[in-house]
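Naming: A, B, ... by sequence-line order, numbering from 1 per chain. Small disclaimer: the values here were computed from a predicted structure and weren't measured.
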Amino acid sequence: MAWPGDRPARPRRPSDSITDLAALLAYVARGDEDAFATVYDRTSATVFGLVRRVLRDPAQSQEVTQEVMLDLWRTASRFDPGRATAMGWITMLAHRRAVDRVRSQQAAARREHGRPADGPDYDVVAEEVESHLDAERVRRCLDSLTELQRESVTLAYYSGYTYREVASLLGVAVGTVKTRMRDGLIRLRDCLGEQ
Amino acid sequence: MNRPWRSDPHTLAGAYALDALAEADQISFERHLTGCEACRQETDGLREAAGRLAAATAVAPPPALRAAVLAEAARTRQSVPPAGRARRSPTDRRITMMLPPRLAVAVAGFAMLLALAVGALTVNTAHRLGLADARGNQIAAVLSAPDATMMRAHASDGATATVVMSHAEHTLVLTTAALPALPEGRAYEVWVMGAGWAHPAGLLPAPHNGMTAPIVVPALGAGDRIGLTVEPSSGSAHPTGPPVIMLNLPA
């Protein structure tokens, strides 16, 4: 058994590990406004970018981003590190808010425009993205899905469609879409896990 | 009515993780999740994968939003943690605790820790005699240091972590009580952590009467933290899961 006494000098790694964000959330849960500001700085691009991708409207996206950040502030004590990473939890808050908004307010208008473009707007992706590498990896992994898996996953995630809507947009059976969403996410998870 | 998810609920896990269920389906599926731990774990994993998709769309918000959000937060009351947060399976129970800074040591508390440590040591001595001696000396050095400080953290489900730390010795002694039991092949691993790094500091021994024998963690630096994660019982070189306990040491 390796006791700590003989450990070598500590390696110093970049300070943006997920572990650290989880620790920050614990401070936020105790009302630490500085920790909240740091969490905002570390996650606002991810949150805003995702919300804007789903909503497409910049003004509404700011509004929803603010709601998400206040959700985070209010409910940080509910973050359960046993069930999600800190970033996973935050993107979940953001995605749910964005999808709720798009379904409640824009559904009718959006459907008039027909089927949106597939996948994320790669061109729109910010230059100031914190982690280009992470974005690159996600794109590579998305490319490794079958076309139907990728379309099912991205229409739901990036455009906020339900699986029934995705089925009708793609002209395939509802059961097929459900399966492709699950298969696609499993493949995505496995691809992203290889790091 | 024979809804498709009734025959095989697992097939909805992907759609759920993508927030792609209409409200009625979502409510039904969540009801199903509460009774199906395997489904919930799979769903958590798929949701995590889905969340990673957000990395590909990141774009900085307008700078003015930051001040607006921070000001609004300062005016907004936080919700109290839900009392029943412990609705978890025995195999997936996690705890987060934070030590309050600089809790002055009480002599009575000290004696209690010693009794606790020695008691647990005694139980374990039979099969770890060699280690116990060396560790016993280290433990004694910490406990007898003039600046020794004891800190204890309590978690909502009754688990506690107790630390006696000596700044002069750059060393602490850690014991735990009532940590959730882990399945076969898993163990709690101790880490010394800082901003963005984590260094392994040994595995917690199996508990006896709910308590773990003291772990000695030397070579601490100012501002270090102690973390605990669940790892394979052979130990990991780096934490593979989120910390179940974080202890902030006084600077």
Asks: Side chains of B/Arg47 and A/Thr91: does their closest heavy-atom pair fall under 4.5 Å?
Replies: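 Side chain of B/Arg47 against side chain of A/Thr91, heavy atoms only: no contact under 4.5 Å found.
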
Asks: Only pairs of heavy atoms separated by less than 4.5 Å count here; which of B/Ala22, B/Ala20, B/Gly14, B/Pro62 has the most with chain A?
Replies: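 Of B/Ala22, B/Ala20, B/Gly14, B/Pro62, B/Ala20 has the most heavy-atom pairs under 4.5 Å with chain A.
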
Asks: Sub-3.5 Å donor-acceptor pair from the side chain of B/Gln78 to the main-chain atoms of A/Trp73, do we have one?
Replies: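 Checked: pair present.
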
Asks: Minimum heavy-atom separation for A/Leu192 to B/Ala49, with atom names?
Replies: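 It is CD1-O, 4.2 Å.
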
Asks: What residue, out of A/Arg96, A/Glu33, A/Met92, has the most heavy-atom pairs lying under 4.5 Å from chain B?
Replies: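 Heavy-atom pair counts peak at A/Arg96.
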
Asks: Among A/Leu70, A/Val47, A/Thr75, which residue forms the greatest number of heavy-atom pairs with chain B at distances under 4.5 Å?
Replies: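 Looking at each option in turn, the highest pair count goes to A/Leu70.
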
Asks: Where does A/Val166 contact chain B at under 4.5 Å (heavy atoms): side chain, backbone, both or neither?
Replies: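 A/Val166 has no heavy atom closer than 4.5 Å to chain B.
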
Asks: Do the non-hydrogen side-chain atoms of B/Leu53 and A/Leu142 ever get within less than 4.5 Å of each other?
Replies: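 In short, these two side chains touch, coming nearer than 4.5 Å.
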
Asks: I want to check something: taking the side chain as every heavy atom from C-beta on, are A/Val153 and B/Leu18 in contact at a cut-off of under 4.5 Å?
Replies: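 Of all side-chain heavy-atom pairs linking B/Leu18 with A/Val153, at least one is under 4.5 Å.
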
Asks: Pick out which of A/Thr46, A/Leu50, A/Val54 makes a side-chain contact (heavy atoms from CB on, under 4.5 Å) with B/Thr57.
Replies: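 The side-chain contact (heavy atoms from CB on, under 4.5 Å) with B/Thr57 is passed solely by A/Leu50 among A/Thr46, A/Leu50, A/Val54.
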
Asks: Find the distance between CD (B/Gln26) and OG1 (A/Thr162) and round it off to the nearest 0.5 Å.
Replies: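 Those atoms lie 11.5 Å apart.
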
Asks: Please examine the side chains of A/Met87 and B/Arg52, heavy atoms only from C-beta on, and report whether any two atoms are closer than 4.5 Å.
Replies: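 In short, these two side chains do not touch, never coming nearer than 4.5 Å.
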
Asks: Any side-chain heavy atom of B/Val69 sitting closer than 4.5 Å to one from A/Phe36?
Replies: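 Of all side-chain heavy-atom pairs linking A/Phe36 with B/Val69, at least one is under 4.5 Å.
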
Asks: Identify which part of B/Arg66 has an atom lying under 4.5 Å from any heavy atom of chain A, answering side chain, backbone, both or neither.
Replies: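 The answer is both parts of B/Arg66.
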
Asks: Considering all heavy atoms of both residues, which atom of B/Ala55 and which atom of A/Ala135 are nearest to each other, and what is their separation?
Replies: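 Closest heavy-atom pair between B/Ala55 and A/Ala135: O-CB, 3.4 Å.
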
Asks: Need one label for A/Ala29: side chain, backbone, both or neither, based on atoms under 4.5 Å from any heavy atom in chain B.
Replies: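 Only the backbone of A/Ala29 comes within 4.5 Å of chain B.
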
Asks: Working note: B/Leu12 + A/Met181, criterion side chain to side chain contact (heavy atoms under 4.5 Å, CB included); need CA distance, chi angles, decisive distance, verdict.
Replies: CA-CA 9 Å; B/Leu12 272 186; A/Met181 284 179 173; over 6 Å; no

Asks: Quick one: what part of B/Glu48 sits under 4.5 Å from any heavy atom of chain A, side chain, backbone, both or neither?
Replies: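 B/Glu48 touches chain A through side-chain heavy atoms alone.
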
Asks: Flag the pair B/Glu23 and A/Arg103 as a salt bridge only when some basic side-chain nitrogen lies within less than 4.0 angstrom of an acidic carboxylate oxygen.
Replies: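 So B/Glu23 does not pair with A/Arg103 through a salt bridge.
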
Asks: Report the distance from atom CG of B/Asp19 to atom NE2 of A/His95, rounding to the nearest 0.5 Å.
Replies: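 Result: 5.5 Å between the selected atoms.
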
Asks: Below 4.5 Å, heavy atoms only, C-beta onward: do B/Leu46 and A/Arg182 meet side chain to side chain?
Replies: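 SC-SC contact between B/Leu46 and A/Arg182 confirmed.
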
Asks: Do B/Leu65 and A/Met69 make a side-chain contact, defined as non-hydrogen atoms from C-beta onward lying under 4.5 Å apart?
Replies: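 Counting from C-beta outward, B/Leu65 and A/Met69 never come under 4.5 Å.
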
Asks: Which heavy atom in A/Tyr163 sits nearest to a heavy atom in B/Ala15, and how many Å separate them?
Replies: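 Minimum heavy-atom contact is CD2-CB, 4.0 Å.
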
